[in-house]
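Notes to accompany the following structure.
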Amino acid sequence: MQGSPDASRYRILVVEDEPMVLELITTRLQLAGYQTFYGRDGYEGLARLDEVRPNAMILDINMPRLDGFDVLRKMKETGQILRMPVMVLTARNQADDVQTAIKLGARDFLAKPFNDDQLLARVARLVRRAPARPAAPAKPTPPVLEL
């Protein structure tokens with residue numbers, strides 16, 4: 001169950017509120033070589049975008065405080081959705097949910113439960129289409145003053 005040969009250069013932000021599902025997704029991606037980061041709800045996911053500068057996002061819909069559709073709406077309002085490929089990964093798989101997610105800018109939609117190979121293939125396709133994004137710049141360290 002390998003990702004692409006250069007998977008280690010890709011940062012994936014997983015926004016998921018269920019701890020076991022979050023651990024499952026991040027573990028599978030890490031085993032395939034991806035760097036993973038997470039947010040436990042929509043607000044945390046949006047805050048991590050600028051901090052992490054991921055190459056792609058995996059986004060749940062049903063979350064407390066700010067759900068996945070609202071995350072997509074906010075990303076669309078700010079133009080982030082144009083630079084950040086998003087795959088919705090959710091138990092909600094009704095036709096209108098898929099249409100709403102795609103209309104808001106999601107590039108892919110995968111229903112839970114999913115199998116590992118399917119997840120990894122979709123993520124590999126997502127990052128292949130992603131624009132190159134350098135890692136967030138390191139925070140400058142204050143100069144050392146010599147006395």
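Sequential numbering from 1 along the given sequence is applied to the chain's residues. These figures come from a predicted structure and were not determined experimentally.
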#### Entry: pair Met75-Met57: side-chain heavy atoms closer than 4.5 Å
yes
### Query
How about Glu51 and Phe37: do any of their side-chain heavy atoms sit closer than 4.5 Å?
no
### Query
Got a second to check how far Leu13's CG is from Arg11's CZ, nearest 0.5 Å?
11.0 Å
### Query
Do Val88 and Ile61 come within less than 4.5 Å of each other through their side chains, counting heavy atoms only?
yes
### Query
Any donor-acceptor pair under 3.5 Å linking the side chain of Arg73 with the backbone of Leu104?
no
### Heavy-atom side-chain proximity of Tyr10 to Gln35 below 4.5 angstrom
no
### Query
When you measure from the side chain of Arg53 to the backbone N and O of Leu49, does any donor-acceptor pair fall under 3.5 Å?
no
### Query
Looking only at heavy atoms, which two atoms of Pro64 and Asp17 are closest? And how far apart?
CD-OD2, 3.4 Å
### Message
Show the nearest heavy-atom pair for residues Gly45 and Val15, with the distance to one decimal.
### Response
CA-CG2, 3.8 Å
### Task
Grab the two heavy atoms, one from Ile12 and one from Val123, that are nearest each other, plus how far apart they are.
CD1-CG1, 4.0 Å
### Task
Among Leu24, Thr26, Asp60, Leu89, find the one that has a side chain to side chain contact (heavy atoms under 4.5 Å, CB included) with Glu16.
Asp60
### Message
Test your reading of the model: is there a side-chain donor-acceptor pair from Arg122 to the backbone of Phe109, 3.5 Å cut-off?
### Response
yes
### Query
Around Lys112, counting heavy atoms of other residues, nucleotides and ligands shown, do more than 12 lie under 6.0 Å from its NZ?
yes
### Message
Tell me the closest heavy-atom pair linking Asp67 and Asp70, and the distance in Å.
### Response
OD1-N, 2.8 Å
### Task
Examine distances only and state if a side-chain atom of Lys74 and a backbone atom of Tyr43 form a donor-acceptor pair shorter than 3.5 Å.
no
### Message
Quick check: do Gln118 and Leu110 have side-chain heavy atoms less than 4.5 Å from each other?
### Response
yes
### Query
What are the two closest heavy atoms between Ile102 and Arg107, and how far apart are they?
CD1-C, 4.4 Å
### Residue pair Ile58 / Leu29, side-chain heavy-atom distance below 4.5 Å
yes
## Note on the structure
From the list Leu46, Asp50, Val52, side chain to side chain contact (heavy atoms under 4.5 Å, CB included) partner of Arg48 resolves to Val52
### Query
Counting N and O atoms only, with roles assigned by atom type, does the side chain of Thr100 sit under 3.5 Å from a partner on the main chain of Asp97, one being a donor and the other an acceptor?
no
### Note: Arg65-Asp41 ion pair, threshold 4.0 Å (strictly below)
yes
### Task
For Thr27 and Glu23, work out which heavy atoms get closest and say how close.
OG1-O, 2.7 Å
#### Entry: CZ (Phe114) with more than 12 external heavy atoms under 6.0 Å
yes
### Message
Between Glu77 and Ile81, is there a side-chain heavy-atom distance shorter than 4.5 Å?
### Response
no
### Query
Do Pro85 and Val127 come within less than 4.5 Å of each other through their side chains, counting heavy atoms only?
no
